[in-house]
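Report on the following structure.
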Amino acid sequence: MTSVAYHAFSQKEAKEFDVQHPGAQRAKAFVRAFLKRSMPRMSQQALEDHLQRKAVVLEYFTHRKRKEKRKKSKGLSAKQRRELRLFDIKPEQQRYSLFLPLHELWKQYIRDLCNGLKPDTQPQMIQAKLLKADLHGAVVSVTKSKCPSYVGVTGILLQETKHVFKIITKEDRLKVIPKLNCVFTVEIDGFISYIYGSKFQLRSSERSAKKFKAKGTIDL
């Protein structure tokens, strides 16, 4: 009985004895056919030279698209807001009763800001807090003014700009009071604070960084 010994060739031995795996032969034939179809004008010898010199990449890699930076949309300018009349209060909305809930919310906001308004709370502390607080919803009164017609006007503050307060009175009248040359009072839970409008010509968003003097002045 003849015995057959199976021997696995190394890559070096396979090359030396010109032994090729069937899979390698099929791959080589496929590459040749692929090159012939892709470059039909090239001669067979040129294709062989091309195959011997260069590696053929059969996979296709997509290029990553660069993400375009989105431009941040700019908001409306102050002029555009005025032209669109975004902050105008319509006549049918000029009713004192509509803004009483806003006043209640403002009072709770100030109580939280001052850690509770107790009888022994220092008035100076409340004054300092109110000067930096948001006053929309506060009941504001004009106590002094170089224009006598403004004195005594009381109402809920609806809008504040750098130079004016817009107040709705109990008579459902919208009053625009200039800060300049006027002194205002704000009352909450028995505490009364004074605001000197001539020293208060700031937007509400700018007051938090403003340092006010400890002692107010009496000039208008």
Side-chain angles (χ1 to χ4, degrees), residues 75-76 78 81-82 84-145 147-218 220:
L76 297 174
R81 289 195 293 267
R82 286 195 298 269
L84 293 173
R85 306 176 71 88
L86 295 179
F87 299 116
D88 286 3
I89 302 173
K90 298 178 181 179
E92 60 270 20
Q93 297 173 339
Q94 297 176 14
R95 292 190 296 167
Y96 185 85
S97 59
L98 288 178
F99 299 98
L100 286 174
L102 175 64
H103 175 57
E104 293 300 321
L105 288 173
W106 180 83
K107 288 195 296 184
Q108 188 58 50
Y109 155 65
I110 296 299
R111 291 179 185 128
D112 294 340
L113 186 65
C114 297
N115 299 320
L117 293 173
K118 301 176 183 179
D120 58 345
T121 304
Q122 294 296 324
Q124 293 83 357
M125 185 272 287
I126 300 174
Q127 177 77 10
K129 294 284 188 181
L130 282 174
L131 290 176
K132 295 178 180 291
D134 190 332
L135 297 177
H136 292 90
V139 173
V140 177
S141 300
V142 183
T143 54
K144 291 183 181 180
S145 177
C147 182
S149 62
Y150 291 142
V151 177
V153 174
T154 301
I156 298 174
L157 178 62
L158 301 186
Q159 290 179 355
E160 178 188 358
T161 67
K162 184 176 181 179
H163 299 291
V164 302
F165 285 138
K166 291 185 180 180
I167 298 171
I168 186 74
T169 67
K170 290 183 178 180
E171 293 76 27
D172 297 335
R173 294 181 180 178
L174 185 66
K175 298 286 187 179
V176 180
I177 311 295
K179 293 179 181 180
L180 185 64
N181 300 326
C182 288
V183 178
F184 304 88
T185 58
V186 179
E187 188 273 334
I188 177 172
D189 294 350
F191 292 94
I192 298 176
S193 296
Y194 292 88
I195 295 174
Y196 293 87
S198 299
K199 309 295 183 181
F200 209 69
Q201 296 188 82
L202 296 165
R203 294 181 178 87
S204 57
S205 59
E206 298 173 349
R207 288 205 308 271
S208 59
K210 172 72 174 177
K211 291 184 178 179
F212 294 93
K213 293 182 179 180
K215 294 183 180 180
T217 57
I218 59 173
L220 296 178

Determine whether a donor-acceptor pair (N or O, by modelled atom type, separation under 3.5 Å) exists between the side chain of [X] and the backbone of [Y].
X      : Y      : result
Trp106 : Val139 : no
His163 : Leu180 : no
Tyr109 : Gly137 : no
Ser141 : Thr143 : no
Lys179 : Phe200 : yes

Minimal non-hydrogen separation, [X] against [Y], with atom names:
X      : Y      : value
Ala133 : Ile110 : CB-CD1, 4.0 Å
Ile126 : Ser193 : CG2-OG, 4.2 Å
Lys166 : Val176 : CG-CG2, 4.1 Å
Ile168 : Leu174 : CD1-N, 4.0 Å
Leu130 : Leu135 : O-CD2, 3.9 Å

Practice prompt. Could you walk me through whether Leu157 and Val186 pass the side chain to side chain contact (heavy atoms under 4.5 Å, CB included) test, one step at a time?
Written response: CA-CA 10 Å; Leu157 178 62; Val186 179; over 6 Å; no
Rounded distance [0.5 Å steps], [atom1] in [X] versus [atom2] in [Y]:
X      : Y      : atom1 : atom2 : answer
Thr185 : Lys144 : OG1   : NZ    : 11.5 Å
Met125 : Leu113 : CE    : CG    : 8.5 Å
Leu202 : Lys162 : CG    : NZ    : 7.5 Å
Phe191 : Gln127 : CZ    : CD    : 12.0 Å
Thr161 : Gln201 : OG1   : CD    : 9.5 Å

Discussion item. For a side chain to side chain contact (heavy atoms under 4.5 Å, CB included) check, start with the C-alpha distance between Asn181 and Ser145, then their side-chain angles and the critical distance, and finish with the verdict.
Written reply: CA-CA 6 Å; Asn181 300 326; Ser145 177; 5.5 Å; no
Enumerate donor-acceptor pairs with a distance under 3.5 Å from any side-chain N or O in residues 94-102 to protein atoms, sequence neighbours excluded.
residue	atom	partner	partner atom	Å
Gln94	NE2	Ile89	O	2.9

Item to complete: Mind telling me whether Phe184 and Phe165 have parallel, tilted or perpendicular rings, with 30° and 60° as the class edges?
Response: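 Ring orientation, 0 to 90° scale: perpendicular.
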Worksheet item: In this structure, are over 12 heavy atoms from other groups packed under 6.0 Å from Arg173 atom CZ?
Response: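 Counting other residues, nucleotides and ligands, CZ of Arg173 stays at 12 neighbours or fewer.
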Practice prompt. Step through the shown structure and confirm whether more than 12 heavy atoms of other residues, nucleotides or ligands are within 6.0 Å of NZ on Lys107.
Written response: yes
Discussion item. Holding to side chain to side chain donor-acceptor pair (under 3.5 Å), I want the full list of residues that pass it with His103, two or more places apart in sequence or in another chain.
Written reply: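 For His103 there are no side chain to side chain donor-acceptor pair (under 3.5 Å) partners, ignoring immediate neighbours.
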